[in-house]
*Asks:* 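Got a structure for you, questions after.
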Amino acid sequence: MAEGGGWQPPRPCEAYRAEWELCSSAGHFLRHYYVHGERPACEQWRRDLDSCREWEERRSAEAQSLRESEQARVRAARKHGLVWAPRQSPPADWHLPLPQDNDR
Amino acid sequence: MAAAPDERGPGPAAGEQLQQQHVGCQVFPERLAQGKPQQGFLSSFFTNNQKCQLMLLQTLETNPYVKLLLDAMKHSGCAVNKERHFSCEDCNGNVSGGFDASVSQIVLCQNNICNQAHMNRVVTHELVHAFDHCRAHVDWFTNVRHLACSEVRAANLSGDCSLLNEIFRLHFGLKRHHQTCVRDRAIRSILAVRNISKEVAQKAVDEVFESCFNDHEPFGRIPHNKTYARYAHRDFQNRDRYYSNI
């Protein structure tokens, strides 16, 4: 989406602050090491928070880096291939009564 | 689930199996973590079925993991109805619950779910299976890789393999131990519902692990505790703003 004309940061600035604080916490360091075997990288959350605040105060061009950062997060989340084919509609029987209910 | 009531058809498609050997609810990590008496007030006046129903209601109404999964499923066209999509039953063996894809229903083993924390985790685990059933063509009964993928995801995202739960199971490890736990529990769950060898189950888990361990939908992250789950739910509720502004 182009700058201006109603654009806003993808998340409220408060969300970036909360993510940065969570990421920087000792508890997260421990959990991240437990899962991934390495220390977490939290610097991008801090950069995103700063960009968000710059945009709120001055409608700064820093907002472009915020969009790029979030696009990178989405790419990283989607880079793994899927094991199964996605559905176009939910299972046909999801809302149907249970088979024994039909016998009553 | 290792065994199902006679009237249930082909059996559960996916299940959660308790890791330690025990009878009923005598030994379980969440009980020790909570520091609460094993049976407590509910045991004195309620049947197992009544306790199961009460704990299930509490989970559905208050647990942030479950509330996100319910919202995500509703968004995908699979709104969950407690009476239709959950069943509290007695189960054989040491299983906590299962997802029966043949009738789209989650089975909760009322004789093996010990306390509220355990119920929270079992419901989360089985709802991950239900979510996968809702959003994808999962071949539960003839494709072991599909089953393995959902079991990896359920073990990864439900809190099954939290550091605390593993410590209380006397499984000590730190660096990347979470992944070891997810692999092991996924294999156990597969073996609980499919008559295949451990080698076949292990091979299936190995083949899908990289993809499925990193598939965090609908959480967008591994929810290590309720704080992470609440943040994930906040992000899910904000998704329209998010995707329209990147």
Side-chain angles (χ1 to χ4, degrees), chain A residues 1-3 6-12 14-15 18-19 21-23 25 27-28 30-38 55 63-64 66-103, chain B residues 7 9 73 76-79 81 84-85 87 101-105 130 132-139 143 145-146 148-150 156 161-163 166 173-179 207-208 210-217 220-222 224-225 227-228 231 234-235 238 241-246:
Chain A
M1 181 176 289
E3 293 290 334
W7 186 89
Q8 58 179 334
R11 310 175 201 239
E14 168 57 28
E19 294 289 355
E21 287 194 358
L22 180 64
C23 186
S25 68
H28 182 73
L30 179 63
R31 294 181 191 102
H32 194 274
Y33 188 80
Y34 174 66
V35 174
H36 301 288
E38 58 187 26
W55 184 86
Q64 183 61 30
L66 188 51
R67 288 180 61 198
E68 289 167 358
S69 170
E70 293 289 8
Q71 288 169 356
R73 285 198 181 98
V74 171
R75 281 195 300 271
R78 292 177 179 172
K79 69 178 180 182
H80 54 272
L82 289 177
V83 169
W84 41 52
R87 285 184 185 267
Q88 302 305 316
S89 58
D93 68 339
W94 183 262
H95 296 289
L96 293 179
L98 290 165
Q100 59 262 34
D101 292 344
N102 287 333
D103 296 335
Chain B
E7 62 271 21
M73 292 184 68
S76 298
C78 296
N81 177 278
R84 167 60 180 84
H85 296 108
S87 177
S102 64
V103 293
S104 296
Q105 189 179 58
D132 289 342
H133 183 64
C134 177
R135 64 162 178 155
H137 290 284
V138 182
D139 187 353
N143 191 324
R145 294 173 77 250
H146 283 196
C149 186
S150 194
N156 188 25
C161 289
S162 71
L163 179 57
E166 279 289 273
L174 186 58
K175 184 174 182 178
R176 268 196 299 273
H177 181 75
H178 176 88
Q179 296 187 34
E207 287 177 358
V208 304
E210 179 68 23
S211 172
C212 303
F213 183 78
N214 290 298
D215 179 0
H216 301 151
E217 291 300 311
R221 67 181 85 200
I222 296 174
H224 301 291
N225 59 32
T227 297
Y228 292 83
Y231 282 19
R234 173 206 66 198
D235 291 346
N238 187 55
R241 168 177 171 172
Y242 184 80
Y243 287 106
S244 66
N245 286 290
I246 62 170

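Being a predicted model, the structure only gives us computed values, none of them experimental.
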*Asks:* In chain order, what residues pass the ring pair (Phe, Tyr, Trp, His ring centres under 6.0 Å) check against A:H36, with sequence neighbours excluded?
*Replies:*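 Result, ring pair (Phe, Tyr, Trp, His ring centres under 6.0 Å) vs A:H36: A:H32.
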
*Asks:* Are the side chains of B:R241 and A:P9 in touch, meaning some heavy atoms are under 4.5 Å apart?
*Replies:*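 B:R241 reaches A:P9 side chain to side chain.
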
*Asks:* Against chain A, work out which of B:S150, B:A148, B:A130 has the most heavy-atom pairs shorter than 4.5 Å and name it.
*Replies:*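 Highest number of heavy-atom pairs under 4.5 Å: B:S150.
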
*Asks:* What part of A:A18 gets closer than 4.5 Å to chain B, counting heavy atoms only: side chain, backbone, both or neither?
*Replies:*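 For A:A18, backbone and side chain are both near chain B.
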
*Asks:* Between B:N143, B:N81, B:T227, B:D132, which residue shows the highest count of heavy-atom pairs closer than 4.5 Å to chain A?
*Replies:*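 Most pairs with chain A among the choices: B:D132.
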
*Asks:* Please report the shortest heavy-atom distance between B:Q179 and A:V35, naming the atom on each side.
*Replies:*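 The answer is NE2-O, 2.9 Å.
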
*Asks:* Using 0.5 Å steps for rounding, measure from the CH2 atom of A:W84 to the CG atom of B:D215.
*Replies:*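 Here the rounded value is 6.5 Å.
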
*Asks:* Just so I understand: if I count every heavy-atom pair under 4.5 Å between each of B:M73, B:H133, B:R221 and chain A, which residue has the most?
*Replies:*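 Most heavy-atom pairs under 4.5 Å with chain A: B:H133.
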
*Asks:* What's the separation between atom NE2 in B:H85 and atom CH2 in A:W94, rounded to the nearest 0.5 Å?
*Replies:*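 Answer rounded to 0.5 Å: 4.5 Å.
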
*Asks:* State, yes or no, whether a side-chain contact exists between B:V138 and A:V83 at a heavy-atom distance under 4.5 Å.
*Replies:*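 SC-SC contact between B:V138 and A:V83 ruled out.
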
*Asks:* Looking at B:G77 and A:P90, what are the two nearest heavy atoms and their distance?
*Replies:*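 Of all heavy-atom pairs spanning B:G77 and A:P90, the closest is O-CG, 3.6 Å.
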
*Asks:* Rounded to the nearest 0.5 Å, what's the gap from CZ on A:R31 to NE2 on B:H178? Could you check?
*Replies:*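 That separation rounds to 12.5 Å.
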
*Asks:* Mind checking the CD-OH spacing from B:E166 to A:Y34? Nearest 0.5 Å is all I need.
*Replies:*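 OH of A:Y34 is found 4.5 Å from CD of B:E166.
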
*Asks:* So which of B:S162, B:G220, B:A79 has the biggest tally of heavy-atom pairs under 4.5 Å with chain A?
*Replies:*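 Ranked by contacts with chain A, first place is B:A79.
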
*Asks:* Closer than 3.5 angstrom, by distance alone: can the side chain of B:R176 be matched with the main-chain N or O of A:E38 as a donor-acceptor pair?
*Replies:*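 Absent.
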
*Asks:* Would you find a donor on one side and an acceptor on the other, under 3.5 Å apart, between the side chain of B:N245 and the backbone of A:R11?
*Replies:*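 Here the side-chain-to-backbone pair does not exist.
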
*Asks:* Just wondering, are more than 12 heavy atoms of other shown residues or ligands nearer than 6.0 Å to CD in A:E21?
*Replies:*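 Result for CD/A:E21: enclosed.
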
*Asks:* What are the two closest heavy atoms between A:P10 and B:I246, and how far apart are they?
*Replies:*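 Nearest pair, atom of A:P10 first, then B:I246: CG-CG2, 3.5 Å.
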
*Asks:* Picking from A:P86, A:S69, A:A76, A:G27, which has the most non-hydrogen pairs under 4.5 angstrom with chain B?
*Replies:*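 Answer, by heavy-atom pair count under 4.5 Å with chain B: A:P86.
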
*Asks:* Regarding A:E19 and B:Y231, is there a side-chain donor-to-acceptor distance under 3.5 Å anywhere?
*Replies:*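 B:Y231 and A:E19 do not have a side-chain donor-acceptor pair below 3.5 Å.
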
*Asks:* Do B:F213 and A:H80 have ring centres separated by under 6.0 Å?
*Replies:*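 No.
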
*Asks:* Does any heavy atom of chain B fall under 4.5 Å from the side chain of A:L82, the backbone, both, or neither of them?
*Replies:*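 Contact with chain B is through both the backbone and side chain of A:L82.
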
*Asks:* For chain A, which candidate among B:C149, B:C161, B:S76 shows the most heavy-atom pairs at distances under 4.5 Å?
*Replies:*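 The answer is B:C149.
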
